[in-house]
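Everything below concerns the one structure shown next.
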Amino acid sequence: MGQRKRTRDWNQLIITIATVVFACTALVTVLLTLSSWRAGREASRPYLTFKESPIVDLKNGLNIELKFINVGEHPATNLWSKTFVMAQALNAPPVLTWQHSLVNDIPKNTSTSLVIVPETSKIDSNQGNLPAHYIVVFLKYEDPIIRKSYAQEIYLRWNGVSAAKPQPIFHVEVEEKHNILKYFEAQKINTNS
């Protein structure tokens, strides 16, 4: 009888260990499924990027157009932007601070434009030439499907106007971004709404 009891105890121990292993496997499977679901949901979020290079137009004054496209699966709603244009020297207040809001959805693969119109009287000009400027755009928008807000920051350097020809716009380098952030701090500029 002692032998049977020991065998039964071993069997119960093996069954208990197997149950614990199956329970742990099920828990890991649930956690991996949740993680995969979250990653898939985040991958579907709206995301705004440039549709084409920014355009500088001098025909009717100075207009800088940034065309964005939503490359995410979900629409972007309640798009809010705050734009700053400041001289590349970063030694004076911004020549333009501008806020803009859109109420319409921006569905997948749909574009929208942000047109910046700084007053040229505030920009130091010299006979048809304009010096280089930084353009910083802060974007905020929502995903109405998962009810989450997102923010993006875009740092650009416009090389101004030379011989009455608009020069190209480039993405800034890391050091330039660092200097712009120090400039915002020194000027006590609020980049939020």
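Computed from a predicted model, the values in this text were never measured in an experiment.
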Should I69 and L48 be marked as a side chain to side chain contact (heavy atoms under 4.5 Å, CB included) after you check the CA-CA gap, both sets of side-chain angles, and the distance that decides it?
CA-CA 5 Å; I69 186 168; L48 299 177; over 6 Å; no

Pair L79, F68 - check side chain to side chain contact (heavy atoms under 4.5 Å, CB included), show working.
CA-CA 11 Å; L79 174 64; F68 295 101; over 6 Å; no

So, are R157 and E176 salt-bridged, with charged N and O less than 4.0 Å apart?
yes

L156 and P54: which non-hydrogen atoms are nearest, and at how many Å?
CD1-CG, 4.4 Å

Validation row: V115, V117 side chains within 4.5 angstrom (heavy atoms):
yes

Looking at every heavy atom in both F84 and N190, which two are closest together, and how far apart are they?
CZ-O, 3.7 Å

Are V137 and L102 joined in one hydrophobic group, where the rule is that I, L, V, M, F, W and Y side chains link up if heavy atoms are under 4.5 Å apart?
yes

Taking the side chain as C-beta and beyond, is there a heavy-atom pair between K82 and T97 under 4.5 Å?
yes

Calculate, to the nearest 0.5 Å, the distance between atoms CE and CD belonging to M86 and Q187 respectively.
9.5 Å

To the nearest 0.5 angstrom, please state how far the CG atom of D143 sits from the CD1 atom of I146.
4.0 Å

Side-chain donor-acceptor contact under 3.5 Å, Y155 with E153:
yes

Roughly how far, to the nearest 0.5 Å, is CD1 of I106 from NE2 of H74?
15.5 Å

Side chain to side chain contact (heavy atoms under 4.5 Å, CB included) evaluation trace for V136 with T83:
CA-CA 6 Å; V136 180; T83 304; over 6 Å; no

F138 side chain reached by Q152 side chain, heavy atoms, under 4.5 Å:
no

pair I116-L66: side-chain heavy atoms closer than 4.5 Å
yes

Assigning hydrophobic clusters by single linkage (Ile, Leu, Val, Met, Phe, Trp, Tyr; side-chain heavy-atom cutoff under 4.5 Å), is L130 placed with V95?
yes

Would you say the side chain of F50 lies within less than 4.5 Å of the side chain of H171, judging by non-hydrogen atoms?
yes

Hey, quick one: are V71 and I145 part of the same hydrophobic cluster, counting side-chain heavy atoms closer than 4.5 Å, chains of contacts allowed?
yes

pair F184-L90: side-chain heavy atoms closer than 4.5 Å:
no

For L139 and W80: C-alpha separation, side-chain torsions, deciding distance, then whether side chain to side chain contact (heavy atoms under 4.5 Å, CB included) applies.
CA-CA 6 Å; L139 300 171; W80 172 88; over 6 Å; no

Establish whether L181 and Y183 are linked, either directly or via other cluster members, by ILVMFWY side-chain heavy-atom contacts under 4.5 Å.
yes

OG on S101 to CG on N78, rounded to 0.5 Å:
8.5 Å

Under 3.5 Å, is there a donor-acceptor pair between the side chain of N70 and the main chain of Y47?
yes

Output the distance between atom OG1 (T77) and atom CZ (R147), rounded to the nearest 0.5 Å.
10.5 Å

Any chance you could measure I169, atom CD1, to I55, atom CD1, to the nearest 0.5 Å?
9.0 Å

Can you name the nearest heavy-atom pair linking P168 to W158, along with the distance?
O-CD1, 3.7 Å

Is any side-chain heavy atom of R45 closer than 4.5 Å to one of Y150?
yes

Between S113 and E65, a side-chain donor and acceptor under 3.5 Å:
yes

Nearest atoms (heavy-atom pairs only) where P46 meets P75:
CG-O, 3.5 Å

Check: Q88 and H133 side chains under 4.5 Å, non-hydrogen atoms
no

